Amino acid sequence: MSAHRSIWPKVAPEFANRAISAHALIGIVLGGLIYILALSGALLVFQDELGWWEAPEAPPISHMSPDAVEAAVGAALAADPQTTTDVVVYLPRPDLPRAIAATDNVSISLDANGRMAGPYNTDWTDFVTALHYHLHLPSTFGFVLVGVLGALMLGLIVSGLLAYPAIFRNAFALRRNGSARTTETDLHNRLAVWTLPFQLAIAFTGAWIGLFVLVGAIFAEIEHDGDRGVISDIVYGGSAPEHTQAGFPDVAAAMRYMATQAPGAIPTTLIVHDIGAAGQHMRIIALHEEEILLGEYYNFDGAGSFQGVAGLSDGALGKQIAIAMYPVHFGRFGGTWTRVLYVVLGFVLCIVVATGLNISLIKRQQKGRETKRLAAAWEALVWGAPAALALCLLAAVCGVAGDGLIGLFWGGLMLALCGAAIWPCRGAPTCVLQALTGAALASTLVVQFAIYGPTLWAAPQLAAATGCFGALGVVLLAAAFWRPPKAMIWPDGDRN
Amino acid sequence: MILLGVVANVAALAMLRAAWVRQRGGVLMLVAWLCVATGIVSFFLSRGERGVAESVLLFTSLAAALIGVLFLRAPCVEPNPAKVRSMSAPSTFGRRVALLGVSAFASTIAALSLSALSFVLGLRVGWEEADAIVTGVLLASVVWPIALCWLLMEQSVAIRSAIMLALLVLGVGGFVLA
């Protein structure tokens, strides 16, 4: 009888050890930043809905006529006392029935006739967006850094697969009663292997989006005398017509063209560039019903005459690949439940990162090296980041904006880290920060309800956000007070 | 701008040498990233001046090569070698971070230059520019993590030396060709 041959690849132990070393090294150095990106990214899957919840006075509307869209552009201009270059109208969609208009300086919500319904201030959502896109660093540098982190996350995934050749064979093994190291390792590996396609997609598309800025700048130097805008225009389309006259743009004509000539396209955004000036032009971003990944940019001049499409849905392969990166990264290709899945998988990614660092700390502790302060600091980061985000949400609904939120987040996080490292106390960071997060969320709900009342559940999206925040707050408060402080991995290297 | 690049990189190398002699691996990493930052900042500051930008990138690549040489050879010139272990078997956290920093730098240069090379070659063989751009970015996104993992996993000094030099030669060559 022939010996049973395993279908799983065999890797020399020495090779696996080297891969573990590489995997651990990248994870230890960059784990904190990747964790913050994963957490903020999970929240931003519902970016539009969160923004609406922050400013719920935007009335639910299902449709805007071409004349109403034109009126919306006028309303945005009237609401902005300063000069503006562009005006953007975010049109109602089946999954997001509200309309917003924004200039360079202000945002307003709209009613179905295109009239202003109220200001649309989404300071917290903007703050989280900036955190995820560029970590609040100067935008170009931060954007590139986040792209590099995406590439390094890909490196983590590759080295992780090389490090644990049995990771697929053991896909169903989850030991919860062993040592702390076994428990954390199993949790890390099982969650990682089951969510591998998602992680690969997120890391690769994130790296691509971020590196496009850096690599595009290099290509611009090589071919277009450093004009980076040309690179973006080549890939995404955007050449401006030269013959448009100054004056108020004929937005309604462009919208009517979409309704009659492109009935299969769902317009989601109208952008008027250089509004009022000679050379003004419009772009309508539309989703295509028959394509899950691709949309199209429809270009118009200021008089509303159709100028052509950017070719994102049927143009050069490169353009199609480029535009497909965004829905894959943000989960906007399969409806609401796909996005819910993205949120869940995003939080799973946070757990994978957290347990990865826990494994390293346990190994360090088992080697007899000082771990107490490091473990406390890491615990403070893991629970401090959501606590800081929740506090920022509370501050935002109370009127704090911009730099105030950035200072609160990073200052609060640093305070938690330093406090935990200086006074390490077993399980305390988890307990305190969970309670803080829960209390901040509950307080936010109270403040929002006091301001807006039943508007908070005027639409299913708003009701869902209200319910999620409320449930999360209750769960975290319960976890903090009704459960003994979570056992830590120090000082004895095992759980209680 | 060229002067800035040269001065910054020479100063960085001097600091690197001093840091190495004092066995400060973390400082080594910071210095390596200082070079990266200098290169990137110089690059963006010199927008529109193609020759200058290329020069700065070349100097940064040169700095990376010298860092690689120091990285591999420094223990041999350490006054008291008995107290210093080779970087090829990093043991302290600082040294491991240094290994990551230098490897990240080399993989950065490799990814960006391969990307630039593919862009130029794509245009020369008649691709649409959008295709060449997207291919270049895709290549950078894939090469970067693979090169980094390769460098981090390789423990043989000779092989790592060969990989790093090959990547750097490829990098400099890519930019020259581009």
Side-chain angles (χ1 to χ4, degrees), chain A residues 14-15 18-19 21-26 28-30 140-141 144 147-148 150-159 162-163 203-212 214-223 225-228 231 234-237 311 315-322 325 364, chain B residues 29 36-37 40-41 43-44 46-54 57 89-90 93 96-97 99-101 103-104 107-108 111-113 115-116 118-120 122-123 127-155 175 178:
Chain A
E14 188 195 347
F15 179 85
R18 282 187 276 152
S21 176
H23 184 72
L25 183 53
I26 302 174
I28 288 169
V29 174
L30 301 170
T140 302
F141 176 73
V144 171
V148 170
L152 293 176
M153 195 177 147
L154 262 183
L156 269 175
I157 296 169
V158 171
S159 57
L162 295 174
F204 180 72
T205 51
W208 195 94
I209 293 168
L211 292 182
F212 184 85
L214 175 62
V215 178
I218 293 174
F219 293 172
E221 291 289 343
I222 292 171
E223 196 64 21
D225 296 327
D227 187 352
R228 283 181 278 168
I231 296 293
I234 288 169
V235 175
Y236 297 110
L317 181 62
K319 289 185 175 191
Q320 296 186 38
I321 292 173
M325 292 288 173
R364 181 184 169 90
Chain B
M29 181 274 297
V36 178
I40 291 173
V41 170
F43 181 82
F44 282 109
S46 63
R47 284 186 301 177
E49 298 173 57
R50 180 179 168 182
V52 173
E54 286 176 351
L57 283 168
F93 181 70
R96 298 184 72 209
V97 172
L99 173 64
L100 176 62
S103 302
S107 56
T108 302
L112 295 184
S113 46
S115 170
S118 82
F119 173 65
V120 172
L123 290 183
W127 286 6
E128 284 198 37
E129 191 166 356
D131 291 342
I133 292 169
V134 171
T135 304
V137 183
L138 287 173
L139 203 56
S141 306
V142 173
V143 168
W144 204 323
I146 291 176
L148 178 66
C149 287
W150 195 7
L151 282 171
L152 287 178
M153 286 173 59
E154 185 51 61
Q155 290 197 316
F175 279 116

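Since this is a predicted model, take the numbers as computed values, not measurements.
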Work out which heavy atom in Ile222(A) is nearest to a heavy atom in Ala116(B); give both atom names and the distance. CD1-CB, 3.8 Å

Reported CG-to-CG distance for the pair Leu156(A) and Leu148(B), which is rounded to 0.5 angstrom: 9.0 Å

Nearest 0.5 Å, what's the CG-CG distance between Leu214(A) and Leu112(B)? 5.0 Å

Step-by-step side-chain contact (heavy atoms from CB on, under 4.5 Å) determination, Glu128(B) to Lys319(A): CA-CA 10 Å; Glu128(B) 284 198 37; Lys319(A) 289 185 175 191; 5.6 Å; no

Shortest non-hydrogen contact from Gly136(B) to Phe219(A)? CA-CZ, 3.8 Å

Are side-chain heavy atoms of Phe204(A) and Val142(B) found at a separation under 4.5 Å? yes

Where does Ile146(B) contact chain A at under 4.5 Å (heavy atoms): side chain, backbone, both or neither? neither

Is there a side-chain contact (heavy atoms from CB on, under 4.5 Å) between Ile133(B) and Phe212(A) once you walk through the steps? CA-CA 9 Å; Ile133(B) 292 169; Phe212(A) 184 85; 3.9 Å; yes

Contact between Ile218(A) and Phe119(B) at the side-chain level, heavy atoms closer than 4.5 Å - yes or no? no

Val215(A) and Ser115(B) have their tightest heavy-atom pair at CG1-OG, 3.1 Å

Nearest heavy-atom approach of Ala130(B) to Ile234(A) is N-CG2, 3.6 Å

Gly318(A) and Val134(B) have their tightest heavy-atom pair at O-CG2, 3.2 Å

Taking side chain as everything from C-beta outward and backbone as N, CA, C, O, which of these in Leu162(A) sits under 4.5 Å from a heavy atom of chain B? Side chain, backbone, both or neither. side chain

Against chain B, label Met325(A) side chain, backbone, both or neither, depending on which of its atoms sit under 4.5 Å from a heavy atom there. side chain

List the atom of Gly155(A), the atom of Pro145(B), and the distance in Å for their closest heavy-atom pair. N-CB, 3.3 Å

